[in-house]
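Ligands are counted one by one from 1 in listed order, and the atoms in each one are counted from 1 as well. Hydrogens, waters and symmetry mates play no part in the numbers below; they use all other heavy atoms, side chains included. Owing to the predicted nature of the structure, the values given are computational and were not obtained by experimental measurement.
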Amino acid sequence: PAMRVDVVTIFPDYLAPLDLSLIGKAREDGLLDVRVHDLRDFTHDRHRTVDDTPYGGGAGMVMKPQPWSEALDHVLAQDNPSGAKPRLVVPGPGGQPFTQALARELAREPWLAFACGRYEGIDERVYDHAREDLGLEVSVVSLGDYVLNGGEVAVLAMVEAVGRLVPGVIGNAESLVEESHEDGLLEYPIYTKPSSWNGREVPPVLLSGNHGAIAEWRHAQRLARTAARRPDLLHASHATDGRDVEISA
Ligand SMILES: CN1CCC[C@H](Cn2ccc3ccc(-c4n[nH]c(N)c4C#N)cc32)C1
């Protein structure tokens, strides 16, 4: 069965890239069922108001609870005779870090719903309502330690990272194995034809046909790159043999 993904946003066009390339093909192939909903469709005033001033003062505006409540009701009711529940993911700068491990966890869910906030965010009672009245598991998730203007960019990233882990979405299964963060190390340098370009040569080991040596060289490069760029990812389990390795920048 397809994984179902619902996204609620005031900028539905922002999610248009999901119709392209891999995710778009996965939708055509029935592997992903992605539905985008305009939050303003769940307002009833002439100006289709979704925000108002914050209680307690402060800068910016807060997203009103009622439109979110009606949008979530619509998501839960649409094509859902069994009354199944989605896992609700709400992007936010204060959320738990979005990591490959979390992407793998989310890829096992049959149904995800994403709530894209804008302005200063969503009235806190929406989170309480979703957990306590709708019985949803709600995860607030952050793309990284920087401030965006809303959740849409984060949802594009999360749907791509999760979608590509859904069986069948990525054709060549191997391409999922050797990649950054899959086993905690960054990826090795990659090369293609021509072997000599601009006076620069491909490392000879890669042309040697000696697959043991190639695998060893690649692992050494991954260790060295991780040590240079992401020492925080290195664990004792990645013990090096102590030999120095020349790495590209
Ligand atoms: C000045 N204020 C501060 C609070 C956030 C306000 C903008 N905003 C409203 C909704 C919303 C959702 C996600 C993110 C976001 N920022 N950084 C990340 N890694 C995110 C993620 N996922 C940002 C958002 C701007």
Could you tell me which residues satisfy side-chain contact (heavy atoms from CB on, under 4.5 Å) with Leu22, sequence neighbours excluded, listed by chain and number? Ile170
Asp38 and Arg40 ion-paired at < 4.0 Å: no
Say whether, by atom type as modelled, one donor and one acceptor occur between the side chain of Thr226 and the main chain of Leu186 under 3.5 angstrom. yes
Show me, by chain and number, every protein residue that has a heavy-atom distance under 4.0 Å to ligand 1. Pro91, Gly92, Pro93, Gly117, Arg118, Tyr119, Glu120, Val141, Ser142, Leu143, Gly144, Tyr146, Val147, Leu148, Asn149, Gly150, Gly151, Ala154
Partner set under salt bridge (charged side-chain N to carboxylate O under 4.0 Å, His left out) for Asp52, not counting sequence neighbours: none
Mark yes or no for whether His238, through its side chain, and His235, through its backbone, hold a donor-acceptor pair below 3.5 Å. yes
For Asp232, what residues pass the side chain to side chain donor-acceptor pair (under 3.5 Å) criterion, not counting sequence neighbours? Arg230
